[in-house]
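Proteins come first, then strands; the chains are lettered A, B, ... in the order of their sequence lines, and each starts at number 1. As a basis for the values below, the full set of heavy atoms in this structure was taken, side chains included, without hydrogen atoms, waters or symmetry mates. In this text, all values refer to a predicted model and were calculated from it rather than measured experimentally.
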Amino acid sequence: DVKVTQSSRYLVKRTGEKVFLECVQDMDHENMFWYRQDPGLGLRLIYFSYDVKMKEKGDIPEGYSVSREKKERFSLILESASTNQTSMYLCASSFTSASGELFFGEGSRLTVL
Amino acid sequence: AQSVTQPDIHITVSEGASLELRCNYSYGATPYLFWYVQSPGQGLQLLLKYFSGDTLVQGIKGFEAEFKRSQSSFNLRKPSVHWSDAAEYFCAVGDNFNKFYFGSGTKLNVKP
């Protein structure tokens, strides 16, 4: 089975702190994604990566950056956390094919105080 | 621009009753369509997907969905709901560039 692992299920941080969310997948997927999930808004794409060291902005990249130094690992970085970044963050991965479905991690719930 | 609409935010059905969750999409080409389910505190799990061919697709847990191009719809159905089906359901469209667009979700409550 494909496994997408997010390192932290729950985090509490203070405003202005730097936050790292880590994601690792074990299926040699080319593509990796970071989504943000908020009630009533569904999933919104923050960034995605289709190869090592490659990244593209999604729909809501402001206040976030990403890093992909190895194929299996995709990190989301909040340079200076703010209260409006309190949310559930979901990592996903997929093969590069037109029909490549997304495989999700269990999510990281971040609270910024 | 691609978009997905799930018009029902919450739905409550009685256990054993049939279920239909609505999904409408906007996409210029032939869409790749997905339904995912999310149990509380968990990530999303794929229920079923449509790429081409038969417009009625079968998924896991007894779910099925029908692609109707003329209506731009991909509604999810189950003939008899179980209490364990209570969860949030997301419809999604995938494009040819490996990007996915999600609806806002429908929360399903199941009455005993």
With hydrophobic residues grouped by side-chain heavy-atom distances under 4.5 Å, do [X] and [Y] end up in a single group?
X     : Y      : result
A/I77 : A/L110 : no
A/V24 : A/Y35  : no
B/Y32 : A/L45  : yes
B/L46 : B/F51  : yes
B/Y89 : B/L33  : yes

For chain A, which residues from [range] lie under 4.5 Å away (heavy-atom distances)?
range                       : value
residues 100-112 of chain B : B/F100, B/F102, B/G103, B/S104
residues 80-88 of chain B   : B/E88
residues 6-20 of chain B    : none

_Quick check for you: to the nearest 0.5 Å, what is the distance between B/K99 atom NZ and A/F33 atom CZ?_
9.5 Å
*Rounded to the nearest 0.5 Å, how far does CD of A/E106 lie from CD of B/Q45?*
11.0 Å
_Taking side chain as everything from C-beta outward and backbone as N, CA, C, O, which of these in A/Q6 sits under 4.5 Å from a heavy atom of chain B? Side chain, backbone, both or neither._
neither
*Could you look at A/L41 and say if it's the side chain, the backbone, both or neither that has a heavy atom under 4.5 Å from chain B?*
backbone
*Heavy-atom distance under 4.5 Å to chain A: side chain of B/Q38, backbone, both or neither?*
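Just the side chain, heavy atoms under 4.5 Å.
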_With A/S8 via side chain to side chain contact (heavy atoms under 4.5 Å, CB included) - residues at least two apart_ =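 Checked A/S8 against side chain to side chain contact (heavy atoms under 4.5 Å, CB included); matches are A/L11.
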_Other residues, nucleotides, ligands: >12 heavy atoms within 6.0 Å of A/R109 CZ_ = no
*asked:* With heavy-atom distances below 4.5 Å as the criterion, would you say the side chains of B/L44 and A/L102 are in contact?
replied: no
_Option in A/E56, A/R44, A/R9 with maximal non-hydrogen atom pairs under 4.5 Å from chain B_ =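 Most heavy-atom pairs under 4.5 Å with chain B: A/R9.
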